[in-house]
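Here is the structure we will look at, set down as structure tokens.
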Amino acid sequence: MDLPEFELERYFAHYEFEVPHLLGASDVEAYRLDELLALSGEEERALWGELSLGYTESAGGPLLRGEVSGLYETVDREDVLVFSGAEEAVFVLLNVVLGPGDHAVVTWPAYASLHEVARAAGAEVTLLPLEHERGWALDLDALRAAVRPETRLIVTNFPHNPTGALPDAATFRGVVEVAREAGAYLLSDEVYRLLEHEPSERLPAAVDLYEWAISLGVMSKAFALAGLRIGWISTHDRDLLRRCAAFKDYTTICNSAPSEALSLIALKAREKVLARSREIIDRNLPYADRFFQEWRGVFDTESG
Ligand SMILES: Cc1ncc(COP(=O)(O)O)c(C=O)c1O
């Protein structure tokens, strides 16, 4: 498999734990273990205390999958497959869905694995630029024009890393329509979902809109637990889930038991967890604005 260096992750590997201030972090300031345990109810506290440190169920524990399914409107726990981070989910899913002869359209700029794993799996990839001059808008006509008969997958990521772009619901439904007309899967990377500044602008999860959509979620961002390395996909395509589960037998087989138990605690307490994350972001946003104003000769603060 021919994968280029993941430059962003190499950059973090070099600087993340060395510098006093990290301006490029994409996750919310993490919980400490004692802070998280303080949010647990009696039942989860008992599960944590008695936790067996053996292998876990390869699809993810049923309690955890059940709690994840509660983040969606139309999903039950059998529609959820848990991975060691969103990154593993992307790797497995793209390898299962794509192969030589397939074509994928990936919105761009993008977290690199979304296009590089697709390429390494043998697919031809069209990068669809978000329009910088229009606040990083997604151009539905350009998406339609990029689709070909062999297009098997469309990949979006909203709220978007790295621009924060968030289309309106009509545009997002337009993406779903393009995928439907093309008979293509839609991978919707929703790892920043639930962090919207205006909850009323939150997009529906793709899995709730389209039978061939795959919603990607993770504990790292909105739930402030990146070190747990727990992510998931949810889709109504059970055969796709079955094939992803079979591929996962060659990557991690199953997830870490403590990470699953702690994810369950955080998801059960999600109102508090998400309120904390949004509060941290709201508190820090003025500092970021001030910093970029002060350095406006270095950063472009006018567009986007
Ligand atoms: C858009 C996007 N997708 C997926 C991931 C992978 O998430 P994780 O590292 O928690 O597996 C990231 C991480 O930064 C991301 O920004």
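In listed order, ligands and their atoms are each counted from 1. Counting from 1, the numbers follow the sequence of the chain as shown.
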Any nitrogen or oxygen of E87, main chain or side chain, under 3.5 Å from a nitrogen or oxygen of ligand 1?
-> yes
Audit row: F6, Y11, ring pair (Phe, Tyr, Trp, His ring centres under 6.0 Å) steps and yes/no = CA-CA 9 Å; F6 196 140; Y11 170 89; over 10 Å; no
If you measure from the Lys or Arg side-chain nitrogens to the Asp or Glu carboxylate oxygens, is any gap between K268 and E43 under 4.0 Å?
-> no
Give a yes/no verdict on whether any heavy atom in H160 is under 4.0 Å from an atom of ligand 1.
-> no
Which of the numbered atoms in ligand 1 are below 4.0 angstrom from a heavy atom of N157?
-> 1 (C)
Proximal candidate to atom 12 (C) of ligand 1 [heavy atom criterion; set Y111, F91, F83, F12] | Y111
Which residue and non-hydrogen atom of the protein lie closest to atom 14 (O) of ligand 1, and at what distance in Å?
-> K221 NZ, 2.6 Å
First locate atom CZ of F223, then atom CG of L267, and finally report the distance between them rounded to the nearest 0.5 Å.
-> 5.0 Å
State the atoms of ligand 1, each with its element, that fall below the 4.0 Å cut-off from a heavy-atom position in S220.
-> 8 (P), 10 (O)
Mark up the atoms of ligand 1 that fall under 4.0 Å of a heavy atom belonging to V218, in ascending order.
-> 10 (O)
Side-chain ion pair, R148 and E124, N-O less than 4.0 Å | yes
Look at ligand 1 and say whether G231 reaches it with a heavy atom at a distance under 4.0 Å.
-> no
G85: numbered ligand 1 atoms lying under 4.0 Å from its heavy atoms | 11 (O)
Do any nitrogen or oxygen atoms of A86 come within less than 3.5 Å of a nitrogen or oxygen of ligand 1?
-> yes
Across all chains, not counting sequence neighbours, the side chain to side chain donor-acceptor pair (under 3.5 Å) partners of R229 are none
May I ask you to list the atoms of ligand 1 that are less than 4.0 angstrom from any heavy atom of S26?
-> 14 (O)
Under 4.5 Å side-chain linkage, directly or through intermediates, the cluster mates of L47 | L63, L264
Which of parallel (below 30°), tilted (30 to 60°) and perpendicular (above 60°) describes F299 and F291?
-> tilted
Specify the protein heavy atom at minimum distance from atom 9 (O) of ligand 1: its residue, its atom name, and the distance to 0.1 Å.
-> R229 NH2, 3.3 Å
Distance under 6.0 Å and angle within 45° of ring axis: R276 vs Y31 = yes
Per-atom contacts of ligand 1 with Y192, taking only distances under 4.0 Å to non-hydrogen atoms | 1 (C), 14 (O), 15 (C), 16 (O)
Considering only NZ, NE, NH1 and NH2 on the basic side and carboxylate oxygens on the acidic side, decide whether R283 and E279 come within less than 4.0 Å.
-> yes
If you have a sec, work out which protein heavy atom is nearest atom 2 (C) of ligand 1 and how many Å separate them, to one decimal?
-> D189 OD2, 3.3 Å
